[in-house]
Amino acid sequence: AQTVTQSQPEMSVQEAETVTLSCTYDTSESDYYLFWYKQPPSRQMILVIRQEAYKQQNATENRFSVNFQKAAKSFSLKISDSQLGDAAMYFCAYRSGGDSNYQLIWGAGTKLIIKP
Amino acid sequence: DTEVTQTPKHLVMGMTNKKSLKCEQHMGHRAMYWYKQKAKKPPELMFVYSYEKLSINESVPSRFSPECPNSSLLNLHLHALQPEDSALYLCASSRGTVYEQYFGPGTRLTVT
């Protein structure tokens, strides 16, 4: 069975600085997808970034980028120029490839605090 | 537009009440999901609808009853809930079950 581990329950960063959230996963599959979701205190779960396992290039979305190390089964999220609005719970999630694989396997989450 | 809407935002109900949660999306997505989320925990999948047919029921108690009247709407009917059912209920949708999911803002449910 696949598992996702986020080893940092809480992280804090000074506004405008860079922070990296870690995520590791365990799988024997070769076809899968990885996601980072953000859940601010407003509760809405927001998709931040997505990575296909078959792509070597790391995904980026504006200030958010990932470091995808397939061999090490690591999928960290880097947030550059941190802003107060980045304060949230961040969840890493895994999904197997294939038409019938709907299930997201979630990490426990990392609470990110932004210090002004 | 990646908007999923949910109503109501908050709901307080007694253990003998019957209520419904509503979810709506107009992105043409063909898969819709219900999740239950406890504080500081990741979401737990409850139900999956694919092309308006219930494809997954993750052993959810029968006091939760999903309904998909059409491809844009998803309801969750609640009856005889227990206090431990108090949680944030999230709806999500995706183009198909293989695509990324987009979440609504959730309904905060309190059972008294």
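Per chain, numbering begins at 1; letters A, B, ... match sequence-line order.
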Does atom [atom1] ([X]) have a neighbourhood of more than 12 heavy atoms from anything else shown, all under 6.0 Å?
X	atom1	answer
B:R95	CZ	no
A:N62	CG	no
A:F64	CZ	yes
B:Q82	CD	yes
A:K70	NZ	yes
A:E10	CD	yes
B:K38	NZ	yes

Distance, nearest 0.5 Å, that separates [atom1] of [X] from [atom2] of [Y]:
X	Y	atom1	atom2	result
A:R95	B:Y99	CZ	OH	9.5 Å
A:R43	B:R108	CZ	CZ	5.5 Å
A:Q103	B:Y33	CD	OH	10.0 Å

Inset, instruction - Measure distances from B:E44 to the heavy atoms of chain A and classify the residue's part below 4.5 Å as side chain, backbone, both or neither. - result: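 For B:E44, neither part sits under 4.5 Å from chain A.
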Are any non-hydrogen side-chain atoms of [X] and [Y] less than 4.5 angstrom apart?
X	Y	answer
A:W106	B:L45	no
B:Q101	A:L47	no
B:Q37	A:M45	yes

Legend entry - Structural part of A:R50 lying under 4.5 Å from a heavy atom of chain B: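 Answer is side chain: those atoms of A:R50 sit under 4.5 Å from chain B.
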Legend entry - Considering all heavy atoms, the nearest B:K41-A:F91 contact: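 Between these two residues, the closest heavy atoms are O-CZ, 3.7 Å.
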Inset, instruction - Can you see which heavy atom on B:V4 is nearest to which on A:Q44, and at what distance? - result: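 In this case the closest contact between B:V4 and A:Q44 is O-NE2, 4.5 Å.
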Legend entry - Pair A:L104-B:E100, side-chain contact (heavy atoms from CB on, under 4.5 Å): steps then yes or no: CA-CA 9 Å; A:L104 286 172; B:E100 58 268 24; over 6 Å; no
Legend entry - Same apolar cluster: A:V66 and A:L34, side chain cutoff 4.5 Å: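 Linked, A:V66 and A:L34 end up in one cluster.
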Legend entry - chain B interface, residue from A:Y33, A:F35, A:Y37 that has the most non-hydrogen pairs under 4.5 Å: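 Sorted descending by pairs with chain B, the first entry is A:Y37.
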